[in-house]
Structure formats: C-alpha cells, structure tokens
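Positions are given from 1 along the sequence. Here the structure is a predicted model, which means the values were calculated and not measured.
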Amino acid sequence: MPSGYLCQDKGLPTDIFFPMNLKAKNIRQAKHYCSLCLRRMDCLNLALATGEEHGIFGGMTYSERIRYQVKEALKVSPIKSTERQKLNS
C-alpha cells in the first residue's frame, strides 16, 4: 500500500489487523486504528475490489464488508411495477 495509511505510517504490526483470535477485543483494537485513519475508505474499497476475505480493512471484518456490499447494491433504484410490466410485454 502507498503511504498515508495510518497502519503503515505508524508501523503497526499486521497481526492487529489479521488477528488469529477473533475475539471482540482484538477486532475492536483494529477498528480503533482504522477509525483514526484518513484513508479508511480507500482501504475498504481496496478490500472490496480485491475480494479480500481475511482481516480488518477500512474498519470492517469480512462479514461486515459483505453486508456493506449488499446494502450498497440494494440502494440501486428497483424497477417499478409499471416498468416491469412494460419489460414483460
């Protein structure tokens, strides 16, 4: 990653963001550092774009990133019933 990411600039150990023990305390520690980083969304977008399945990126676990993607996808305007009828005609 380029510079500007708090975790790299501060030289934080990667095991903070890739905890072997997924206890809430360990996840909270990583999320805390992410919350202070100005490039949090860049990090999140990188993880989403690459399909990263492990670790905390942009303050989210893998399962949280999946839920985030689903939520974002649902923001797309659904087809109205009248438009659907036109398509089916």
- From Leu48 atom CG to Thr50 atom OG1, the distance as rounded to the nearest 0.5 Å: 8.0 Å
- Task: Heavy atoms only: give me the nearest Ala30-Phe17 pair and the separation to one decimal.
- Result: O-CE2, 3.7 Å
- Note on the structure: Heavy-atom nearest pair, Cys43 first then Gly58, reads SG-N, 3.6 Å
- Query: Tell me, do Ile56 and Tyr33 make a side-chain contact under 4.5 Å, heavy atoms counted?
  - Reply: no
- Item | Result of checking Lys25, His32, Lys31 against Arg28 for side-chain contact (heavy atoms from CB on, under 4.5 Å) | Lys25
- Query: What's the spacing between Asn45 CG and Arg40 CZ if we round to 0.5 Å?
  - Reply: 10.0 Å
- Query: To the nearest 0.5 Å, what is the distance between CE (Met20) and CG (Asn26)?
  - Reply: 11.5 Å
- Atom pair CZ (Arg67) and OH (Tyr62), whose distance is rounded to the nearest 0.5 Å: 11.5 Å
- Query: Going from CD1 on Ile16 to SG on Cys34, what distance comes out if it is rounded to the nearest 0.5 angstrom?
  - Reply: 10.0 Å
- Min side-chain heavy-atom separation Ile66-Gln69 under 4.5 Å: yes
- Query: So which heavy atom on Glu52 is nearest to which on Arg65, and how close?
  - Reply: O-NH2, 2.9 Å
